[in-house]
Amino acid sequence: MLPARAGLPAQGARERKQARQALEDCGVQPVLKASGGGSDVNALLVNGFPSVNLCNAMVDVHTPGERIRSADIDLMVEVTQAIVARALA
């Protein structure tokens, strides 16, 4: 889970909390860290849509060997469902 990029408004605290709780509910200990790269979430943030960027255990990203385990995809589906459930509660 990545924090808002430096220089952007401090928005999305509720969304970050929901994402953190959903990750923990699914047995994932969230780690906040800078990615060192761009993300589509930045376009949402600068246009006023509070958002979080969740990493999903991909390996060799943006290379011919890019891959992710099916178990990690399944876990992120569970996390996404938990986030939606929290948002609707």
Taken in chain and number order and not counting sequence neighbours, the residues that satisfy side-chain hydrogen bond (donor to acceptor under 3.5 Å, both in side chains) with N56 are none
Here the side-chain hydrogen bond (donor to acceptor under 3.5 Å, both in side chains) pairs for residues 70-80, sequence neighbours left out, are R69-D72
The reported gap from CD1 in I68 to CG in L75 (rounded to nearest 0.5 angstrom) is 9.0 Å
Hits for side-chain contact (heavy atoms from CB on, under 4.5 Å) against R86, two or more places apart or cross-chain, chain-then-number order -> Q18, Q21, A22, D25
#### Entry: Verdict with reasoning, V59 to E66, per side chain to side chain contact (heavy atoms under 4.5 Å, CB included)
CA-CA 6 Å; V59 177; E66 179 176 293; over 6 Å; no
Those residues at least two apart in sequence (or on a different chain) that pass side-chain contact (heavy atoms from CB on, under 4.5 Å) with Q81 are V77
In this structure, would M58 and I73 fall into the same cluster of hydrophobic residues linked by side-chain contacts under 4.5 Å? yes
D40 meets the salt bridge (Lys or Arg N to Asp or Glu O under 4.0 Å) criterion, sequence neighbours left out, with none
Note: with side-chain heavy atoms under 4.5 Å as the link, the other cluster members for L88 come out as V84
S51 and L44 have their tightest heavy-atom pair at OG-CB, 3.4 Å
Which of I83, V28, V41 passes side-chain contact (heavy atoms from CB on, under 4.5 Å) with L54? It is I83
Here the pair of heavy atoms bringing P50 nearest to E15 is CB-OE1, 3.3 Å
